[in-house]
**Q** 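Quick one: the structure is below, and I'll ask about it shortly.
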Amino acid sequence: MKLLEGLNDAQIEAVTSTEGYVRVVAGAGSGKTKALASRFAYLVTELGILPGNILCVTFTNKAAGEMRQRIHNLTGDRDTGFINTFHGFCVSVLQEDSHAVGYPKSFLVLDNSDINDMLKIIYEERGLTLRDMTFGSARDMIEMQKCIDRPDYYLDMIRMSPDTLREKYLTAKDAKDIIFYGYLYQEKKCFGFDYNDLIKFTLYIFKENEDIRRKWQERLEYIMIDEFQDIDPLQYELMEVLAAYHKNLFIVGDPDQTIYTWRGANVRYLLDFDTRFAPAKTVLMTKNYRSTPEIIDTVNSLIDKNKVRIRKDLEAVLPHGPKTVCHLADTSEKEAAWIAGEMRRLAGEGVPLGDMTVLYRAHYVTRSIEDALRKAEIPYAIYSGVQFYERAEIKDALSYLRMIAMKDDISFRRIANNPKRNLGEKRMRFLEKVSESQGITLYEALRQNLDNEIMRGTKAAQFVHLVEFWSGAYEGRAVSEVLTELLDKSGYEEMLRTEGSQERLDNLAELRQSIFEYETTCGEEVFLQDYLNHVALFTNSDTAEHPDRVKLMTVHAAKGLEFPYVFLCGMSEGIFPSRKIETEAGMEEERRLAFVAMTRAEKALYITESGGRNFDGSPRFPSRFIFDIDEKHLAFTHPVEEDLVKRTREYTEIKNRFFKDRSDLYAVGQRIRHSVFGEGTIEGIDTERGAYMVKFDDMKTSRSISFRVKLEVVS
């Protein structure tokens with residue numbers, strides 16, 4: 001059989017194990033996609049199974065598309081059955097059977113943009129503002145309501161008429177209820193489904209209509225699920241229903257790559273599969289076809305420190321390469337400069353820039369990397385993100401600085417109404433006419449017309465006062481200090497906090513850090529104009545003509561991809577692992593994330609970090625993950641001081657004392673008593689932040705309560 005040619009023994013076993021429950025634990029780079037596609041083709045071409053009787057579930061639409069193409073290439077058949085995500089499959093079910101819930105076949109599948117449009121209507125109708133709840137928080141609240149607080153919400157959508165739902169919406173008093181029922185009404189009115197609805201409605205149809213459920217169960221003779229470590233409770237329930245008839249369920253996953261628990265993934269589904277679906281056959285795929293033996297030694301040593309896993313070691317197939325390089329720099333600037341220098345060296349040896357990738361835990365880490373690449377004239381492209389100096393909040397902050405120094409029209413247009421000061425289009429047109437007729441700047445036009453009737457009801461005077469004061473006060477003061485004051489007094493940071501934009505706040509903190517470092521390393525007094533000229537060299541640099549670029553992306557964005565040369569930067573405590581981690585379970589997930597990052601590398605892996613101090617003055621230590629790796633597998637660019645290793649271990653041990661094992665946590669729905677807030681119900685558990693989301697009986701809104709606080713169980 002040609003289909004089996006080129007497959008190793010474990011892959012062949014996976015492909016030919018067609019009946020019953022089969023669990024494939026596929027390590028990184030072990031060829032699981034090839035095995036999945038070959039198994040589908042084997043079922044069709046060798047066993048004669050019709051493609052329309054096979055369901056193959058992937059994690060993303062892109063992966064589904066690639067899988068269809070692979071299977072088509074193997075079978076030559078354009079009918080590739082149900083190869084889709086769980087949500088995509090549910091769309092197929094609803095298109096065929098939505099009549100069972102009174103919905104037409106021409107329903108809408110809603111994305112975040114559609115949801116935002118609905119929220120705008122609700123806010124305008126009921127007089128809500130972003131101070132009541134930001135759109136991002138509203139979307140999160142709706143998801144929390146649908147998944148945890150009101151899991152039976154879909155019954156209202158099915159059983160209530162649009163008029164009844166509208167009545168519930170219009171009579172609601174609390175902002176949460178107004179938004180939630182307003183959203184359900186808007187969904188019902190346009191026959192729309194969001195992602196939560198797709199699975200909920202499908203499960204409801206299967207539960208209430210035995211004939212429809214049996215039809216789909218009988219139709220799907222073979223079910224295959226990829227990336228099983230990322231499956232969430234609703235997807236798991238749907239899988240159980242679909243596989244209950246033929247009992248032919250084939251899953252592929254790697255518990256060492258579970259990195260989406262914050263989206264509901266549960267590594268136990270994969271670990272406990274053989275007991276939940278007994279008897280189950282387990283196939284271990286451990287041969288790695290992606291990375292050199294040196295890289296594999298590194299990642300095996302790292303992930304072995306995790307306790308919750310299926311123990312296995314990846315086996316390298318490729319020839320030997322260089323040892324994993326580890327560079328511990330004094331500052332983030334020196335770390336970035338070293339990375340740029342190493343890239344220059346590789347390029348000089350003929351390595352294309354497009355073969356080099358920088359991975360990081362958080363977007364704000366890219367600031368120093370981008371600075372260094374620009375200085376070295378190395379073109380780069382950021383994937384799943386925006387270049388640091390092109391981010392809206394960075395442009396806004398720099399515009400505030402430029403405004404007090406230059407009062408130019410470009411900066412004025414960007415920040416005069418940011419945050420909102422009621423200087424909308426009508427008033428801006430007025431200022432433009434004054435500016436044009438008198439030959440003055442927009443700012444001067446505003447300053448001269450503060451008493452004009454058209455400016456009544458605005459915060460124009462406060463804005464002018466801010467600019468006038470700091471225009472005469474910035475000289476002789478540190479630029480980082482001036483920016484901090486401007487962002488505070490202008491209300492800009494308060495606006496971001498109100499919106500819940502923590503990532504944007506982190507980026508502003510990184511900008512202040514970069515200015516502070518520029519001031520301390522410049523060697524002479526730094527003036528505001530000097531800094532603005534300095535930063536303009538970065539913001540105005542044009543690299544569009546270079547097709548061969550270094551790639552920059554987060555580790556999450558890199559999942560499923562591979563790159564010849566990987567630079568994993570920012571490997572410092574508080575960055576990677578994240579400072580938000582407060583549980584052992586969360587730390588194990590961070591270690592899995594580091595494992596995913598390192599296993600992206602094919603030919604060479606570089607791990608870098610920087611010391612010094614954070615902007616808040618706290619010391620910065622190397623990541624514990626560096627010292628998790630056996631020293632013999634790392635090539636340090638300079639000897640590591642024993643004192644540094646000792647102090648890092650002492651720091652991490654102190655952090656570990658505050659960890660709470662996930663097995664000791666209370667469950668969602670548990671009634672508890674707080675010493676001050678009284679009795680309440682646990683709505684959710686945030687293991688990354690180490691907190692319960694609790695709705696207390698005497699409070700209108702929920703509270704995040706740290707695991708460290710003692711809670712009593714209410715019987």
**Q** With the threshold set at 4.0 Å, does a side-chain nitrogen-carboxylate oxygen contact exist between R456 and E453?
**A**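 Looking at R456 and E453, the cut-off is met.
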**Q** What's the shortest heavy-atom distance between Q145 and D149, and which atoms?
**A** NE2-OD2, 2.8 Å
**Q** Classify the angle between the aromatic ring planes of Y606 and F567 as parallel (below 30°), tilted (30 to 60°) or perpendicular (above 60°).
**A**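 Ring orientation of Y606 relative to F567: parallel.
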**Q** Can you tell whether the side chains of R367 and E333 come within less than 4.0 Å, N to carboxylate O?
**A**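 Counted as a salt bridge, because a side-chain N and a carboxylate O are separated by less than 4.0 Å.
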**Q** Does a side-chain N-to-carboxylate-O contact under 4.0 Å join D194 and R139?
**A**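 Here D194 does not pair with R139 in a salt bridge, since their nearest N and O are not under 4.0 Å apart.
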**Q** For E393 and E493, run side-chain contact (heavy atoms from CB on, under 4.5 Å): C-alpha distance rounded to whole Å, both residues' side-chain angles, the deciding distance at 0.1 Å, then the answer.
**A** CA-CA 10 Å; E393 61 273 16; E493 283 201 331; over 6 Å; no
**Q** Only one of V467, T441, L431 forms a side-chain contact (heavy atoms from CB on, under 4.5 Å) with F412, so which one is it?
**A**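 Option passing the side-chain contact (heavy atoms from CB on, under 4.5 Å) with F412: L431.
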**Q** Among residues two or more places apart or on two chains, list those pairs meeting salt bridge (Lys or Arg N to Asp or Glu O under 4.0 Å) that have a residue in residues 181-192.
**A** K146-E187
**Q** Residues two or more places apart in sequence or in another chain: which of them pass salt bridge (Lys or Arg N to Asp or Glu O under 4.0 Å) with R421?
**A**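 Per chain and number, R421 pairs via salt bridge (Lys or Arg N to Asp or Glu O under 4.0 Å) with no residue.
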**Q** Taking all heavy atoms of K334 and all of D330, pick out the closest pair and write down the distance.
**A** NZ-OD2, 3.7 Å
**Q** Taking the six-membered ring for Trp, are F59 and Y260 closer than 6.0 Å centroid to centroid?
**A** yes
**Q** Provide the closest heavy-atom pair for R126 versus T171 in the form atom of the first, atom of the second, distance.
**A**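 Smallest interatomic distance, heavy atoms only, reads NH1-N, 4.4 Å.
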**Q** Please name the pair of heavy atoms, one in A336 and one in S368, separated by the smallest distance, quoted to 0.1 Å.
**A** CB-O, 3.2 Å
**Q** Would you find a donor on one side and an acceptor on the other, under 3.5 Å apart, between the side chain of S578 and the backbone of I575?
**A** no
**Q** Kindly say whether K433 contributes a backbone atom to a donor-acceptor pair with the side chain of S437 at under 3.5 angstrom?
**A**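 Present.
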**Q** Look at the rings of Y153 and F180 and say which category their plane angle falls in: under 30° parallel, 30 to 60° tilted, over 60° perpendicular.
**A**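 Ring orientation of Y153 relative to F180: perpendicular.
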